[in-house]
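What follows is a single structure, written as structure tokens, with notes after it.
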Amino acid sequence: MNMSITKEFQIVAFSSDGRRQPLLFVFFFAVYFIGILGNLLIFVVIVADRHLHTPMYVFLSNLSSVDICYMNITLPKLMYILLSGDNSISFIQCFTQLYFYNFIVGTEIILLSVMAYDRYVAICKPLHYHLIMKKKNIILLLCTNWLSGCSNSLLFICLTSRLSFCRSSKIHHFYCDTKALVKISCPSKSFQVILHLESLLFGPVPFMIGLLSYIQIIRTIMQIKSTNSRRKAFSTCTSHLTVLSIFYGTVICTYMTPVSEKALYMQYSQEYDTIMSVIFVTLVPLLNPLVYSLRNDDILRAIQKENYGKQDRLKSKKQMT
């Protein structure tokens, strides 16, 4: 790691002059609180209800845990900066955040495509579903998913830590991000090639897998004779596809855009990357519980069952006292 110029960075996306930003703090705190609460609720309900221990809900519980980690990696530091005005972050803190951010984003990118494939098998090949999505295969898919995110992040943290930060110590972003760090460094051409290859592997490829899966699903749904069943299934799939498109679209638009010398310090480029990142860091974790879970009848029944169970336990305790 090149620490010859500075031993810390300044995160200046929302606090370039070091002033406190209470309104932005309130906004990001509300997003953080609602996102954590919604995803935690889904995770707890799925784990607690044995009837939901099926492949689809196992994937949903993993998605909720990923989103919880996702928001905890990026937003607490940002909220501290907005509240205190202290926008400095040490090398160790920055690269720790960078590692876990790349780890979780890579995991979620693959997980969403795996979930799309799971729905494809369930709807388009229902007779083979339990054979394809058996317990052994589910464990293998999840382990591969998490390990691929971890190994990809390890690769990038090793490469990024060797960059020479010769241009500036100011990160024009609201968290430590690979592309933002490349903009203030003097990267080699080989590093830029690896960055674009990785962006291709973890961007368009998983998105195409998910997109093709949902195209096949919609084709199958259109063959359903019942109008109500077809409308309900189509509404669910289009909602899933919308979230998929928002997440992959923003990731691809952010990381597939080249970092050129001309655009290096252009204000629009910095604002563009920040806006795209805000969308997939805040909007997607908020939408995932709503689209994938809270519109699901099984999840709603499990939540109601849990609430009734708590009420019964409280009544029994009162009677005992």
Side-chain angles (χ1 to χ4, degrees), residues 32-72 104 107-108 110-146 149 210 213-214 217 221 228-229 232-244 247 284-320:
Y32 175 78
F33 180 78
I34 296 170
I36 294 293
L37 190 65
N39 283 287
L40 188 60
L41 174 65
I42 301 306
F43 180 81
V44 170
V45 166
I46 292 174
V47 171
D49 195 327
R50 293 182 179 179
H51 296 94
L52 298 180
H53 293 181
T54 59
M56 180 179 74
Y57 294 111
V58 170
F59 290 134
L60 281 175
S61 65
N62 272 264
L63 181 64
S64 294
S65 62
V66 165
D67 284 335
I68 290 170
C69 295
Y70 198 15
M71 302 187 83
N72 274 313
I104 293 302
T107 302
E108 179 157 2
I110 300 174
L111 181 59
L112 286 173
S113 63
V114 169
M115 290 173 64
Y117 177 73
D118 171 71
R119 292 298 82 208
Y120 161 74
V121 176
I123 295 174
C124 301
K125 300 181 182 294
L127 298 178
H128 299 90
Y129 182 75
H130 292 290
L131 180 64
I132 297 173
M133 292 296 173
K134 56 186 178 182
K135 186 176 180 180
K136 181 181 177 181
N137 292 344
I138 297 298
I139 295 172
L140 182 62
L141 278 171
L142 290 174
C143 288
T144 304
N145 183 27
W146 286 91
S213 297
Y214 278 111
I217 289 170
I221 289 171
N228 290 332
S229 299
K232 184 178 179 181
F234 186 77
S235 173
T236 302
C237 287
T238 51
S239 299
H240 292 186
L241 189 56
T242 300
V243 174
L244 208 71
F247 181 76
V284 174
L286 284 176
L287 287 177
N288 280 341
L290 178 64
V291 171
Y292 284 102
S293 303
L294 296 179
R295 297 177 74 231
N296 186 292
D297 293 336
D298 293 334
I299 293 286
L300 293 175
R301 278 195 292 268
I303 293 173
Q304 291 173 356
K305 181 181 176 182
E306 187 68 20
N307 287 334
Y308 290 141
K310 287 180 180 179
Q311 292 175 4
D312 292 339
R313 287 193 292 270
L314 288 172
K315 286 180 181 179
S316 62
K317 284 182 179 179
K318 288 181 180 178
Q319 291 174 357
M320 290 177 66

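Side chains are part of it too, since the values below use all heavy atoms of this structure and drop only hydrogens, waters and symmetry mates.
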Minimum side-chain heavy-atom gap Trp146-Asn62 below 4.5 Å: yes

CD1 on Ile221 to OH on Tyr214, rounded to 0.5 Å: 9.5 Å

Taking every non-hydrogen atom, the tightest pair across Ser213 and Ala116: CB-O, 3.6 Å

Can you list, pair by pair, the side-chain donor-acceptor contacts under 3.5 Å of residues 123-140, counting residues two or more places apart and other chains?
{"from": "Tyr129", "atom 1": "OH", "to": "Asp118", "atom 2": "OD1", "distance (Å)": "2.7"}
{"from": "Asn137", "atom 1": "ND2", "to": "Ile132", "atom 2": "O", "distance (Å)": "2.7"}

Show every donor-acceptor pair shorter than 3.5 Å between a side-chain atom in residues 34-51 and any protein atom, with sequence neighbours excluded, or say none if there are none.
{"from": "Asn39", "atom 1": "ND2", "to": "Gly35", "atom 2": "O", "distance (Å)": "2.8"}
{"from": "Asn39", "atom 1": "ND2", "to": "Pro285", "atom 2": "O", "distance (Å)": "3.1"}
{"from": "Asp49", "atom 1": "OD1", "to": "His51", "atom 2": "N", "distance (Å)": "2.9"}
{"from": "Asp49", "atom 1": "OD1", "to": "His51", "atom 2": "ND1", "distance (Å)": "3.1"}

Separation of Leu60 CG from Thr54 OG1 (nearest 0.5 Å): 8.5 Å

Trace of the side chain to side chain donor-acceptor pair (under 3.5 Å) decision for Glu108 with Asn288: CA-CA 11 Å; Glu108 179 157 2; Asn288 280 341; 3.3 Å; yes

Spacing of OH belonging to Tyr70 relative to OG1 belonging to Thr107, to within rounding of 0.5 Å: 11.0 Å

Partners passing side-chain hydrogen bond (donor to acceptor under 3.5 Å, both in side chains) against Tyr117 (at least two apart in sequence or in another chain): none

Partner residues of Tyr120 under the side-chain hydrogen bond (donor to acceptor under 3.5 Å, both in side chains) criterion, sequence neighbours left out: none

Approximate separation, where rounding is to 0.5 Å, of Ser61 OG and His53 NE2: 8.0 Å

Step-by-step side-chain contact (heavy atoms from CB on, under 4.5 Å) determination, Leu112 to Val243: CA-CA 10 Å; Leu112 286 173; Val243 174; 5.6 Å; no

Heavy-atom side-chain contact between Thr242 and Leu287 under 4.5 Å: no

